[in-house]
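The block underneath contains the structure these notes are about, expressed in structure tokens.
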Number of protein chains: 2
Amino acid sequence: MKLPLNDQERFGLHLGLVARLWRAEIDRRLAAFGLTESRWLTLLHLSRLAEAATQRELAEAVGVRGPTLVRTLDRLEAEGLIERRTEAADRRTKSVHLRAEAIPVLERIETTAAAVRAEIFSDISHAEVTTCLRVFEKIAGKLGGAETTMQLTHQIPMDR
Amino acid sequence: MKLPLNDQERFGLHLGLVARLWRAEIDRRLAAFGLTESRWLTLLHLSRLAEAATQRELAEAVGVRGPTLVRTLDRLEAEGLIERRTEAADRRTKSVHLRAEAIPVLERIETTAAAVRAEIFSDISHAEVTTCLRVFEKIAGKLGGAETTMQLTHQIPMDR
DNA sequence: TAGCAATAGGTAGCTATCTATCGAATGTCC
DNA sequence: GGACATTCGATAGATAGCTACCTATTGCTA
């Protein structure tokens, strides 16, 4: 039973581990600014989406389920970084907006993320990165179905 | 601000997402047998470690911290799949042992994991897998320090 | 050998993810 | 136009990861 692992087995085991290490590192660097990955990732996607994104659109962009985003937004709203507005057109939906207070925070996020990337990728070639991305998208295509693939490539259709 | 993402940015964003999809898929397939990833992963590592592994050694193999393993072992012990024994040599440590009831469960895990791998990797070449593994280990080396690198390559030193 | 540092496992509490479900609002189809 | 299905955001509860701290035991060292 105590066989050495083959490469496919090792891939499965290491994927989750590296993802946890990555998240922990970013959390560590941004903790001093009161940010965790789920919060800064949400802010970042919000800044890159069209104006007046709904919670549903934002959740899809970030890659989490609705209830997960609800709690993240609760915290960001309590911290005064975003606000939710009920839209007259469809009173079920709420649009999410960055507040002015979020601008310096976003700048800090961009700076820190760039520094982490420069450090992490210093000895990883561009070809290696694109290979990983191709593998990620193949896996997401199989596991997540069409929606996730579109989400991964940031081609979110407007009519969903 | 609404710039397209470069490949390094996309890598960071997709890593966590694919890891969550992967975990959700395996949990879905093994849920019918009362297993979740943390539990079957722990059983699998236990079956591949030397006899009488301590909790510390097992935690390092699985890649989680001590308190995380404590809860997982609590559940596995309650389900009758493993048992903890206090060793006379060092009464601080407890060795973890598979019980006979775990054998069919492990067979089910191995079968299911092999099926998932065959499906996921059907259109991913061996070269792509090894490139990803090389990237994972470079990142783990930078983020996790020496111990994690050793853990990733399964060269756990005996004298720690 | 007495005291103190280090180690193993456990507990408490935080964050974040998920599924299942709910209420309100909207849309659709006879 | 009324009944039913769908969609959106929120809530509840489960699981799993972490750090910080605690107790018991071991071992080193002055």
Side-chain angles (χ1 to χ4, degrees), chain A residues 16-28 30-31 34-42 52-60 62-79 82-96 143-144 148 159-160, chain B residues 16-28 30-31 34-42 52-60 62-79 84-96 143-144 148 159-160:
Chain A
L17 191 54
V18 172
R20 288 208 311 278
L21 287 172
W22 184 287
R23 150 161 294 206
E25 176 68 15
I26 291 172
D27 283 356
R28 188 180 68 73
L30 286 174
L35 292 165
T36 62
E37 180 172 299
S38 74
R39 292 207 276 282
W40 74 255
L41 207 49
T42 301
T54 66
Q55 292 191 199
R56 174 186 171 73
E57 291 163 349
L58 184 55
E60 192 166 1
V62 177
V64 297
R65 300 290 179 171
T68 301
L69 183 67
V70 165
R71 280 211 250 189
T72 303
L73 291 181
D74 285 347
R75 306 208 43 153
L76 289 172
E77 195 165 35
E79 290 162 5
I82 60 122
E83 64 180 7
R84 286 185 259 215
R85 296 184 203 148
T86 301
E87 294 292 325
D90 183 344
R91 285 168 45 213
R92 290 170 305 182
T93 69
K94 292 182 182 172
S95 59
V96 185
L143 294 184
T148 307
D159 56 346
R160 292 193 66 245
Chain B
L17 191 54
V18 172
R20 270 185 289 130
L21 287 172
W22 184 287
R23 150 163 294 206
E25 176 69 15
I26 291 173
D27 283 356
R28 189 180 69 71
L30 287 175
L35 291 165
T36 62
E37 179 172 300
S38 72
R39 292 206 275 282
W40 73 256
L41 207 51
T42 302
T54 65
Q55 292 191 199
R56 173 185 172 75
E57 290 163 349
L58 184 55
E60 191 166 2
V62 177
V64 297
R65 300 290 178 171
T68 301
L69 183 67
V70 165
R71 276 208 271 192
T72 303
L73 291 182
D74 286 347
R75 306 209 41 155
L76 288 173
E77 196 165 33
E79 291 163 4
R84 286 186 259 215
R85 297 184 202 147
T86 302
E87 295 291 324
D90 182 344
R91 284 171 43 215
R92 290 171 305 183
T93 69
K94 292 183 182 172
S95 59
V96 185
L143 294 183
T148 307
D159 56 344
R160 292 192 66 243

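Chain naming here is simple, since letters A, B, ... match the order of the sequence lines and numbering starts at 1 in each. Heavy atoms only: backbone and side chains are in, while hydrogens, waters and symmetry mates are out.
- Interatomic distance, CD1 of A:Ile26 versus OG1 of A:Thr36, reported as 11.0 Å (0.5 Å rounding).
- For residues 63-78 of chain B, the salt bridge (charged side-chain N to carboxylate O under 4.0 Å, His left out) pairs, not counting sequence neighbours, are B:Asp74-B:Arg84, B:Glu77-B:Arg84.
- Between the side chain of B:Arg92 and the base of C:dT7 there is at least one donor-acceptor pair of N/O atoms closer than 3.5 Å.
- Distances shown here put a side-chain N or O of B:Arg91 below 4.0 Å from the OP1 or OP2 atom of D:dT25.
- Sequence order on DNA chain C of the closest nucleotides to A:Thr72 and A:Ala88 puts A:Thr72 first from the 5' end.
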Identify the pairs formed between an N or O of the protein and an N or O of nucleotides 11-15 of chain D at a distance under 3.5 Å, and give each distance.
| from | atom 1 | to | atom 2 | distance (Å) |
| --- | --- | --- | --- | --- |
| D:dG13 | O6 | A:Arg71 | NH2 | 3.1 |
| D:dT15 | OP1 | B:Arg75 | NH1 | 3.2 |
| D:dT15 | OP2 | B:Arg75 | NH1 | 3.3 |

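- Atom CG of A:Leu30 is separated from atom CH2 of A:Trp40 by 7.0 Å, given to the nearest 0.5 angstrom.
- Note that the CZ atom of B:Arg23 and the OG atom of B:Ser38 stand 6.0 Å from one another [nearest 0.5 Å].
- A straight line from CD of B:Glu87 to C1' of D:dA24 spans 17 Å, rounded to a whole angstrom.
- When rounded to the nearest whole Å, the span between CD of B:Glu37 and P of D:dA16 equals 9 Å.
- Atom CG of B:Leu76 and atom OG1 of B:Thr42 lie 6.0 Å apart (nearest 0.5 Å).
- With sequence neighbours left out, the salt bridge (Lys or Arg N to Asp or Glu O under 4.0 Å) criterion links B:Arg92 to B:Asp90.
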Identify all pairs in which a protein N or O lies below 3.5 Å from an N or O of nucleotides 1-4 of chain D, and state each distance.
none

Contact list (N/O, under 3.5 angstrom) for nucleotides 1-5 of chain C vs protein:
none

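- Look at A:Arg84 and you'll find a side-chain N or O under 4.0 angstrom from OP1 or OP2 of D:dA10.
- In this structure, the nucleotide among D:dG9, D:dT25, C:dT17 sitting nearest to the side chain of B:Asp90 is D:dT25.
- The nucleotide whose nearest atom lies closest to any side-chain atom of A:Arg56 is, among D:dG9, D:dT26, C:dG10, D:dG9.
- Between A:Glu87 and A:Thr93, the side chains place no donor N or O within less than 3.5 Å of an acceptor N or O (distance only, hydrogens not considered).
- The interatomic distance linking B:Leu69 (CG) with C:dG10 (P) rounds to 8 Å, in whole Å.
- Summarising the geometry of A:Gly16 relative to B:Ala19, their closest heavy-atom pair is CA-CB, 4.2 Å, with the distance given to 0.1 Å.
- Using a 4.0 Å heavy-atom distance criterion, B:Asp27 is classed as making no nucleic acid contact.
- At least one side-chain heavy atom of B:Arg39 sits under 4.5 Å from a side-chain heavy atom of B:Thr72.
- Heavy-atom minimum distance, A:Leu143 versus B:Glu25: CD2-CG, 3.5 Å.
- Atom CD of B:Glu60 and atom P of C:dT7 are 13 Å apart (whole Å).
- Taking the salt bridge (Lys or Arg N to Asp or Glu O under 4.0 Å) definition, one finds that A:Arg20 meets it with nothing, sequence neighbours left out.
- A close approach under 4.0 Å does occur between a side-chain nitrogen or oxygen of A:Arg23 and OP1 or OP2 of C:dT17.
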